[in-house]
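Step one of this worksheet: look at the structure below.
Letters go in sequence order (proteins before strands), and every chain restarts at 1. Treat the numbers as computed from the prediction; the structure is a model and nothing was measured. Keep in mind that the numbers below use all heavy atoms, side chains included, and drop hydrogens, waters and symmetry copies.
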2 protein chains.
Amino acid sequence: MKNNITESSKCNAEDCPTVDGLRMTRQRSEVYSVLMSYRDHPTAGEVFERAKENMPTISLATVYNCLEALVQHGAVRQVNFERESSRYCPNLTEHGHFHDEESGKIIDVPLKKGAKLSDLLDLPEGAEIDNLEITLRGKISNN
Amino acid sequence: MKNNITESSKCNAEDCPTVDGLRMTRQRSEVYSVLMSYRDHPTAGEVFERAKENMPTISLATVYNCLEALVQHGAVRQVNFERESSRYCPNLTEHGHFHDEESGKIIDVPLKKGAKLSDLLDLPEGAEIDNLEITLRGKISNN
DNA sequence: CTAGGTGCAAAAGGTTTGCGGTTAA
DNA sequence: TTAACCGCAAACCTTTTGCACCTAG
């Protein structure tokens, strides 16, 4: 997965990046900007609510479409927790997610530098990994 | 997560285990038996289809309810792949899942003995993990 | 100019729920 | 005996789709 965002912005929306190969529209910029400014892990519905503040006419279907386009082009990530709604994450580095059962918060969990997945798992012979999702659920004991 | 299945069966269905604290019914036995005999990773709908062969009157809602009860009592696991339907897995050992994009098959990926999650991830301070889900998607290059 | 995106509303698909009748312990 | 479960159908919720209009490049 590669970050396709460049700074060669020609887009008229403020703070609007160009994503290679993705036609940028006002709605896509708004959705992307929502994700970048809050930097938590909102659901599509939450992105919709936030986007409406700046762009009252945007529709939920468009938010879904924009999110999908951004995910396909590697600008953001989609994160799935069990059966909950998908959440979207602007952190493009390799990481997992810890879901705190008490606060409900989702915390990015970085992969240790130099650590290899094959040290933890007995991967099948010849496996080529396109996508890795590590999700943890639990509590934080702050004693 | 602990395996609550005992062999002290009092249930009238053949090959019917007792799960501590879970009232065993014909439907729950059938659902459990479907999972144990195929040992792949069926969706609720697939479990329903298979269960109907032995028990034509069972309903899909009951299959969902039985699966939920079995999951809650630690008799089987629920596995979520991206936005697909949940799948159910009778393998109770700690493991991840590899989703082969070519065959569509789901392969259990054992955790290496002695390997620790904290060797791979920078876990948050004081994190107590109740649930870990590792899902991989990719291809198997058989050269 | 036009391929592709948008907004809307409706459909789809998986899962859950409410209710009257049934059953395991 | 009775709390809990079953079957059914309807509800629910997230996500996708079809279509007429619009817009970025």
Side-chain angles (χ1 to χ4, degrees), chain A residues 6 8-14 16-32 34 41-49 51-52 54-73 75-76 78-88, chain B residues 6 8-14 16-32 34 41-49 51-52 54-73 75-76 78-88:
Chain A
T6 68
S8 61
S9 177
K10 279 177 145 190
C11 180
N12 50 2
E14 71 283 23
C16 165
T18 298
V19 177
D20 288 347
L22 179 63
R23 175 168 155 180
M24 196 45 67
T25 64
R26 274 178 294 125
Q27 289 81 355
R28 287 175 180 175
S29 294
E30 177 59 29
V31 165
Y32 183 70
V34 161
H41 299 79
T43 62
E46 287 162 354
V47 173
F48 177 50
E49 291 307 322
K52 274 200 292 192
N54 279 329
M55 187 179 277
T57 61
I58 197 170
S59 73
L60 178 56
T62 295
V63 169
Y64 272 104
N65 291 336
C66 292
L67 287 169
E68 155 135 36
L70 291 166
V71 168
Q72 298 302 23
H73 286 77
V76 304
Q78 186 170 5
V79 184
N80 299 299
F81 281 97
E82 293 161 23
R83 290 282 86 203
E84 297 177 7
S85 301
S86 282
R87 295 177 174 278
Y88 296 86
Chain B
T6 68
S8 61
S9 178
K10 278 174 138 192
C11 179
N12 52 0
E14 71 282 20
C16 165
T18 297
V19 177
D20 288 348
L22 179 62
R23 174 167 154 180
M24 196 44 70
T25 63
R26 275 179 292 126
Q27 290 81 356
R28 287 176 179 173
S29 293
E30 177 59 29
V31 165
Y32 183 70
V34 161
H41 299 80
T43 62
E46 288 162 354
V47 173
F48 178 48
E49 291 306 320
K52 275 201 291 193
N54 278 329
M55 187 180 278
T57 61
I58 197 170
S59 74
L60 178 56
T62 294
V63 168
Y64 272 104
N65 292 336
C66 292
L67 287 169
E68 156 135 36
L70 291 167
V71 168
Q72 297 304 26
H73 286 78
V76 303
Q78 186 169 8
V79 184
N80 300 298
F81 281 97
E82 291 160 27
R83 292 283 85 201
E84 297 178 5
S85 302
S86 282
R87 294 178 174 277
Y88 296 86

[X] vs [Y] side-chain heavy atoms within contact, under 4.5 Å:
X	Y	result
A:Glu46	A:Arg87	yes
A:Asn80	B:Asn80	no
B:His41	B:Tyr88	no
B:Val34	B:Glu30	yes

*Using the closest heavy atom to pick a nucleotide of DNA chain D for each, name whichever of B:Ala61 or B:Arg28 lands nearer the 5' end.*
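It is B:Arg28, whose closest nucleotide lies nearer the 5' terminus.
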*asked:* Taking the minimum atom-to-atom distance to the side chain of A:Ser86, which one of C:dT6, D:dA24, D:dT15 wins?
replied: D:dT15
*From C:dT15, C:dT17, D:dG7, pick the nucleotide closest to the side chain of B:Ser59?*
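Output: D:dG7.
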Rounded to the Å, how far apart are [X] [atom1] and [N] [atom2]?
X	N	atom1	atom2	answer
B:Asn65	D:dC8	CG	P	13 Å
B:Leu60	D:dC6	CG	P	13 Å
A:Glu68	C:dG5	CD	P	11 Å
B:Arg23	D:dC5	CZ	P	6 Å
A:Glu84	D:dT15	CD	C1'	16 Å
A:Glu82	D:dT14	CD	P	16 Å

*Mind checking A:Thr57 for me? I need base, sugar-phosphate or nothing, with any heavy atom below 4.0 Å counting as a touch.*
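Sugar-phosphate, no base atom in range.
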*Would you classify A:Thr62 as touching base, sugar-phosphate or nothing, given that sugar-phosphate means primed atoms plus P, OP1 and OP2, and contacts are heavy atoms under 4.0 Å?*
base
*Polar pair under 3.5 Å, donor/acceptor by atom type, side chain A:Arg83, base C:dT15*: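 In this structure, the two groups form no donor-acceptor pair.
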